[in-house]
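Everything below concerns the one structure shown next.
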Amino acid sequence: QVQLVESGGGLVQAGDSLTLSCAASGRTFSYYAMGWFRQAPGKEREFVGVISSSGTITRYADSMKGRFTISRDNAKNTVYLQMNSLKPEDTAVYYCAATLSGATARAGDYAYWGQGTQVTVST
């Protein structure tokens, strides 16, 4: 069982940067690949990126490449999502999730989800 708690969301202006954190409970955090997803109002949940259990592999959605960076600290049971050059279209609830299926982009492969943190980007 893994419990995930996101933090770091808020209201920022376009062009700003923001770093989200996701703290995990349990002693098996390092077994899991960790993904980030987001959901904007009226839209389906969208893959943002994922980092492998060891942290050596990362994947990103095309629209996030070059702006978003995922990292993790297995000693602290925490994964991060650094977001740069934020745009109004990045406004969404951001979720972290844990999977034993490797660095997958499919939401259905993730067994555990956090409650989400709101990110709002103003013009």
Side-chain angles (χ1 to χ4, degrees):
Q1 189 81 6
V2 178
Q3 293 184 323
L4 304 172
V5 179
E6 303 94 337
S7 62
L11 173 63
V12 297
Q13 293 186 329
D16 284 353
S17 298
L18 196 64
T19 299
L20 306 182
S21 299
C22 173
S25 65
R27 290 173 287 182
T28 58
F29 174 73
S30 62
Y31 295 176
Y32 290 84
M34 298 297 298
W36 286 94
F37 292 79
R38 69 185 186 183
Q39 188 166 20
K43 295 188 177 181
E44 294 186 354
R45 191 167 296 191
E46 176 185 25
F47 171 73
V48 172
V50 60
I51 187 166
S52 62
S53 57
S54 65
T56 56
I57 298 171
T58 53
R59 298 176 58 185
Y60 300 94
D62 287 344
S63 62
M64 288 73 163
K65 285 181 182 177
R67 296 194 301 126
F68 290 9
T69 303
I70 299 175
S71 60
R72 67 189 295 160
D73 186 337
N74 284 348
K76 295 183 178 179
N77 280 16
T78 302
V79 61
Y80 306 96
L81 176 64
Q82 180 179 348
M83 304 183 290
N84 298 325
S85 302
L86 283 163
K87 306 173 183 180
E89 51 264 43
D90 294 318
T91 295
V93 177
Y94 284 73
Y95 300 88
C96 67
T99 179
L100 292 173
S101 299
T104 175
R106 298 194 308 176
D109 289 336
Y110 288 80
Y112 303 104
W113 292 81
Q115 83 290 349
T117 186
Q118 175 71 46
V119 173
T120 303
V121 184
S122 66
T123 55

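Residue numbers start at 1 and run along the sequence shown. Keep in mind the model is a prediction, meaning the values are calculated, not measured.
- Within the 3.5 Å criterion, the main-chain N or O of Lys76 finds a donor-acceptor partner in the side chain of Thr78.
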Self-check item: Met64 vs Phe47, side chain to side chain contact (heavy atoms under 4.5 Å, CB included): CA-CA, chis, key distance, verdict
Solution: CA-CA 10 Å; Met64 288 73 163; Phe47 171 73; over 6 Å; no
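- Checked by atom type and distance alone, the side chain of Ser122 pairs as donor or acceptor with a backbone atom of Val12 at under 3.5 Å.
- Ala92 approaches Arg38 most closely through the heavy-atom pair CB-CB, 3.8 Å.
- A heavy-atom distance below 4.5 Å is not found between the side chains of Tyr80 and Thr69.
- With contacts defined as side-chain heavy-atom distances shorter than 4.5 Å, the pair Ser63/Glu89 does not qualify.
- A donor-acceptor contact shorter than 3.5 Å is absent between the side chain of Arg72 and the backbone of Gly55.
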Exercise. Output, in order, the C-alpha distance, side-chain angles, deciding distance and verdict of side chain to side chain contact (heavy atoms under 4.5 Å, CB included) for Ile70 and Tyr60.
Key: CA-CA 9 Å; Ile70 299 175; Tyr60 300 94; 3.7 Å; yes
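- Heavy atoms of other residues, nucleotides or ligands lying less than 6.0 angstrom from CD of Gln3 number 12 at most.
- Between Ser53 and Ser30, the shortest heavy-atom distance links the atoms CB-O, 3.2 Å.
- Remark: side-chain polar atoms of Thr117 are not paired, donor with acceptor, to backbone N or O of Tyr94 under 3.5 angstrom.
- Without hydrogens or angle criteria, Tyr110 side chain to Cys96 main chain gives no donor-acceptor distance under 3.5 Å.
- Here the side chain of Glu6 pairs no donor or acceptor atom with the backbone of Cys22 at under 3.5 angstrom.
- Listed here is the closest heavy atom pair of Ser17 and Ser85: OG-N, 4.3 Å.
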Exercise. Start with the C-alpha distance between Leu81 and Val79, add both sets of side-chain angles, then the distance that settles side chain to side chain contact (heavy atoms under 4.5 Å, CB included), and finish with yes or no.
Key: CA-CA 7 Å; Leu81 176 64; Val79 61; over 6 Å; no
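- If you look at Trp113 and Phe37, their ring centroids are closer than 6.0 Å.
- Atom-to-atom distance recorded for Tyr95:OH and Leu20:CG is 12.5 Å, nearest 0.5 angstrom.
- Between the side chains of Ser101 and Asp109, no donor-acceptor pair of N or O atoms lies under 3.5 Å.
- The minimum heavy-atom distance between Leu4 and Gln115, with the atom names listed, is O-OE1, 3.6 Å.
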Practice problem: Take Lys65 and Asp62 through the salt bridge (Lys or Arg N to Asp or Glu O under 4.0 Å) test and state the conclusion after the steps. | Solution: CA-CA 5 Å; Lys65 285 181 182 177; Asp62 287 344; 3.3 Å; yes
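- Only one option out of Val2, Ile51, Thr99, Val50 pairs with Met34 in a side chain to side chain contact (heavy atoms under 4.5 Å, CB included); it is Ile51.
- Side chain of Asn74 to main chain of Phe29: no donor-acceptor pair is present (N/O by atom type, distance under 3.5 Å, no hydrogens or angles).
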Quiz prompt | Check against side chain to side chain contact (heavy atoms under 4.5 Å, CB included), Tyr32 and Leu100 | solution = CA-CA 5 Å; Tyr32 290 84; Leu100 292 173; 3.5 Å; yes
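- Expressed to the nearest 0.5 Å, how far CD of Gln118 lies from OG1 of Thr91 amounts to 7.0 Å.
- Atom CD in Gln82 sits 12.0 Å away from atom CZ in Arg67 (nearest 0.5 Å).
- In this structure, the side chain of Arg59 engages the main chain of Ala103 through a donor-acceptor pair within 3.5 Å.
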